[in-house]
Each structure stands twice: as C-alpha cells, then as structure tokens.
Amino acid sequence: MAEANSRAEALIQSVTKKPGDYSPGLEGVVAARSRLCQIDGAAGKLYYVGYAIEDLVQNSSFEEICFLLWYARLPRIDELENLQKQFREYRALPAEATTFIELLPHTSHPMDALRTVVSLLSTFDTNPEKSPEANLHRAIRLTAQFPTIVATFHRLRQNQKPILPHPKLSHAANFLYMLFGKEPEEMVGKVMDASLILHADHEMNASTFGSLVTASTLSDIYSAVSSGVGALKGPLHGGANEAVLKMLQEIEDPKNVDTWVEQALAKKQKIMGFGHRVYKNYDPRARIFKEYARRLSEKTKFSRFFQVNDKLEQVMQARKGQQGIFPNIDLYSGIVYHQLGIPTDLFTPIFAIARVAGWTAHILEYWQDNRLFRPNAIYDGPGPRPYVAAARR
Ligand code: ACO
C-alpha cells in the first residue's frame with residue numbers, strides 16, 4: 001500500500017501542472033485519485049483495479065467487471081450471482097418510458113434518445129435517499145436498463161414491437177436478443193461481452209470527467225450519467241467508432257488508402273480511429289478488437305473493410321507513428337459490430353452500454369471524498385470599460 005502511494009505521489013509530481021499553469025484540454029492535469037483504472041500509455045497497457053485487460057477479456061464477464069468497478073474487487077460466486085439476478089430484475093423499463101420512447105422522432109440519433117431517456121428515468125426515481133447504498137442501487141439499475149433503452153428505441157424507430165428482456169440471458173446476449181428478436185449464437189454473445197468489457201472503463205476520459213464535473217456539484221447520478229452520454233457522443237471520443245465505419249465506406253478499397261490519407265492530412269483532417277491523449281503506443285483494446293475483426297472478416301464479404309483498415313494502419317504508421325499516433329479502440333470495433341449486423345449509429349450507444357459501469361463507479365468513488373470541480377480561465381478580453389446604451393452603439 002505504502003509502495004502504491006509513493007508511486008502515485010511520484011506520478012502526481014511528474015504530470016501535475018503548477019497552480020496557474022495553463023493546460024489546453026487539461027492535458028497533464030491530475031484531477032482525481034482513483035483505484036479503478038490504470039493506463040500505461042507509453043507501454044500500451046490497461047488495467048482495471050490491477051487486472052490486465054487481456055486477462056479480463058479472456059476470463060471474465062461484463063457483469064463481473066461491473067462488480068469489480070463498483071466494489072474495487074472481484075466478486076465471490078454468490079456475489080456475482082446476486083448481481084446477475086439484480087441486472088435481470090431491473091432490465092425492464094417503466095411502461096411510461098417505453099411510451100415516451102415511441103414519441104421520439106424516429107430520425108433521432110440513438111445517442112440523443114439514450115441521453116433523453118436517462119434523464120427521463122430520473123423522474124421515476126422517487127426515493128429521496130442519497131446514501132452510497134442508494135446510489136449504488138441506482139447505478140446497478142441504470143446499467144441494467146441501458147441495453148433496453150437502446151434496443152427499444154431501435155425497434156420502435158423501425159416500427160417493430162420492442163422485445164421484453166430475456167429472463168435468463170447474460171447482459172451482452174440479452175442486448176442482442178432485444179435488438180434482433182433471437183438469441184445470439186454463443187460466439188456472437190461472447191464477442192459482445194468482450195466488447196463491453198473492453199469499453200467498461202478508461203480512467204479520466206472526457207465522458208467520465210464530464211460526469212464527474214456534474215457529480216461534483218452534488219447533483220444526482222442521472223444528471224451525471226446524462227453528462228457522460230452527451231460527452232461520449234462526440235467524434236473525438238466515443239463517436240469515433242461510427243465515424244470510422246463511414247471513413248471505411250468512403251475509402252472503399254485498400255488501393256485508395258494512400259491518396260485518401262494524403263488528402264485528409266493535407267486538409268489537417270484527423271484520421272478517425274487513430275491517436276489518443278494518453279496512449280502513445282498501440283491501444284491494447286484495439287489489438288484485441290483487431291483479432292476479433294480479423295477472425296470475423298475471414299472469408300466474408302466484409303473482409304474488404306479489414307483490408308482497408310490494415311492498409312490504413314501501415315500508411316498511418318509511416319506518416320504519424322513517430323508522433324506517437326497509433327490505432328485506438330475505435331479503429332476495429334466498428335468492423336466487428338458491422339459483422340454482427342449492428343447498424344452504424346448504434347456503435348456509440350454500445351460504447352455507452354458498457355461505459356455506464358465506469359461512469360457510475362467513478363461517480364460513487366468521487367463522492368466518497370467530493371470536491372467541486374471549478375478550474376480557472378485566463379481572461380484575454382477587453383479591459384474594464386463603460387456600458388454604452390443600445391441607441392449609441
Ligand atoms: N489523425 C491525424 N493527426 C492526428 C490525429 C489523427 N487521428 N490525432 C492526433 N493528430 C495530430 C494532430 O494533428 C496534432 O498534430 P500537430 O501537433 O502537428 O498539430 C497532434 O497529433 C496532437 O493532436 P491533438 O488533437 O492536440 O491531440 P489530443 O491529445 O488532443 O487528441 C484525440 C487526442 C482527440 C483522440 C485525437 O488523436 C483525435 O482527434 N483522434 C481521432 C478521433 C478518434 O479516433 N477519437 C477516439 C479516441 S479513443 C476514445 O475516445 C474512445
């Protein structure tokens with residue numbers, strides 16, 4: 001413990017800015033202490049509460065990862081079974097919420113629908129209790145409901161009846177069941193479970209920070225999670241997975257990659273699925289997704305996407321590798337979802353279905369020692385001057 005503390009202190013010393021230093025995008029600013037997630041950006045390593053992501057994807061399940069993040073330890077079997085039971089119990093939405101979702105324009109982006117429904121769900125929560133236990137209970141219920149919100153909106157926008165949650169399936173398999181109306185093959189369920197594990201948490205990313213800023217005012221968990229959903233939607237963050245697929249469709253063929261990249265970089269365009277604020281090496285999640293994408297793409301009509309991505313990697317490595325710009329998680333996740341038959345605009349909502357575990361875990365942890373987030377800005381507008389009446393301007 002003492003060793004871990006001194007490591008943390010050394011890290012704080014090495015990356016912290018001095019008070020008054022200006023850091024655009026808060027780069028290098030240490031804004032919280034957390035025992036949930038550690039990224040070694042130089043080595044391209046990721047750990048949840050000390051467990052390597054490769055190990056967790058291989059051996060764990062999304063439900064177990066939720067427990068790990070909320071309790072900062074792995075569950076015993078009875079504890080895991082209890083959490084699985086709670087998830088199954090809480091999956092269904094209030095009937096009024098489903099009616100509300102039906103009223104949303106079918107053309108809405110599913111992330112907008114998700115953000116709106118999270119907000120709506122707060123109005124059904126009449127429990128005035130604000131204790132850590134009550135908030136953990138809300139975190140479990142919200143996480144259980146996220147797949148139902150996304151699947152319900154998706155079916156209603158296609159004029160299909162929503163499918164009630166399955167009482168037996170895992171979190172990942174049940175989402176696919178509610179989306180497509182049939183139980184997924186075991187391998188497909190496993191791929192979705194792995195995807196949820198890979199996306200569950202990522203230290204002080206933009207959406208987690210956004211949700212913590214809201215939580216730090218002692219607002220409620222629904223408001224904080226809505227902030228997270230809003231921040232995740234942007235293409236510089238979670239929205240990149242949707243943008244990657246559009247990019248692949250535009251590039252179309254591996255032989256077009258060189259010219260496409262050259263033109264995009266000449267226009268100072270960011271290449272989606274590359275670069276990261278913390279990783280200056282290959283994102284370990286991208287490596288795992290790449291393997292799933294490779295396996296799923298073999299001998300299918302979608303293998304072209306994989307070939308385009310592979311070529312993109314080579315070209316970007318040559319052009320931008322020196323700058324520490326490598327593939328991130330979003331480069332290959334889209335190909336995987338596409339292979340599973342998932343519509344492109346549901347890619348980011350799937351990210352949210354996983355990350356709600358991380359947001360809520362960080363919120364609950366932050367509230368244990370809360371302090372209002374309130375940074376400063378450098379004022380560089382005009383100096384004090386007299387007000388001029390509208391008629392004289
Ligand atoms: N393509 C081309 N150039 C890039 C890219 C990219 N994807 N990423 C960074 N760069 C370049 C910038 O142009 C800049 O170059 P310059 O110094 O010559 O001007 C330099 O690298 C630093 O870039 P910043 O944008 O300042 O770096 P920052 O740490 O703010 O950005 C970010 C990180 C936003 C992820 C960026 O790499 C990016 O926009 N990537 C594409 C979008 C993306 O894939 N987002 C998903 C990230 S993972 C996630 O959130 C789940």
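Note that ligands are numbered from 1 as they come in the structure, with each ligand's atoms numbered from 1 the same way.
Compare Leu331, Asn205, Ile325 by their heavy atoms: the one nearest to atom 11 (C) of ligand 1 is in Ile325. When the options Asp330, Leu265, Thr348, Val244 are ranked by their closest heavy atom to atom 51 (C) of ligand 1, first place goes to Asp330. With atom 37 (O) of ligand 1 as the reference point, the heavy atom nearest to it among Gly275, Gly238, Ser207 is part of Gly275. Between atom 29 (O) of ligand 1 and the options Arg319, His276, Arg355, Arg277, the minimum heavy-atom separation is to Arg277.
A donor and an acceptor atom, one from each side chain of His109 and Glu242, are located under 3.5 Å apart. Side-chain polar atoms of Asn241 and Thr348 form a donor-acceptor pair below 3.5 angstrom. With 3.5 Å as the limit, one finds no donor-acceptor pair spanning the side chains of His137 and Glu133. In the model, Ser195 has no side-chain atom that pairs as donor or acceptor with a side-chain atom of Tyr292 under 3.5 Å.
Not a single heavy atom of Gly239 lies less than 4.0 angstrom from ligand 1. Look at Gly273 and you'll find a heavy atom under 4.0 Å from some atom of ligand 1.
The neighbour count for Asn59 CG, taken as heavy atoms of other residues, nucleotides or ligands under 6.0 Å away, is above 12. Within 6.0 Å of the CZ atom in Arg393, the count of heavy atoms belonging to other residues, nucleotides or ligands exceeds 12.
The shortest N or O to N or O distance between Phe351 and ligand 1 is not below 3.5 Å. Considering backbone and side-chain atoms together, Lys280 places no N or O closer than 3.5 Å to any N or O of ligand 1. Geometrically, ligand 1 and Gln269 share no nitrogen or oxygen pair separated by less than 3.5 Å.
Using a 4.0 Å threshold on non-hydrogen atoms, atom 27 (O) of ligand 1 does not count as touching the protein. Under the 4.0 angstrom criterion, atom 48 (S) of ligand 1 counts as having a protein heavy-atom contact. Distance remark: protein heavy atom not present below 4.0 angstrom from atom 19 (O) of ligand 1. Put simply, atom 31 (O) of ligand 1 has no protein non-hydrogen atoms near it, under 4.0 Å away. Counting only heavy atoms, the protein gets under 4.0 Å from atom 4 (C) of ligand 1.
Between Leu296 and Met187, some side-chain heavy-atom pair lies under the 4.5 Å cut-off.
Residue-level proximity to ligand 1 for Gln323 is carried by the side chain, the only part with a heavy atom below 4.0 angstrom. Heavy atoms from both the backbone and the side chain of Ile271 come within less than 4.0 Å of ligand 1.
Remark: minimum distance from atom 36 (C) of ligand 1 to any protein heavy atom is reached at Lys270 NZ, 4.2 Å.
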Verdict with supporting geometry, His171 and Phe146, ring pair (Phe, Tyr, Trp, His ring centres under 6.0 Å): CA-CA 10 Å; His171 200 70; Phe146 258 49; 9.4 Å; no

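Remark: of the listed residues Phe289, Tyr48, Trp359, Phe289 is the sole one forming a ring-ring contact (aromatic ring centres under 6.0 Å, His included) with His199. A side chain to side chain contact (heavy atoms under 4.5 Å, CB included) with Leu331 is found for exactly one of Met272, Met316, Glu313, namely Glu313.
Between Arg141 and Asp125, at least one side-chain N (NZ, or NE/NH1/NH2) sits under 4.0 Å from a carboxylate O, which counts as a salt bridge.
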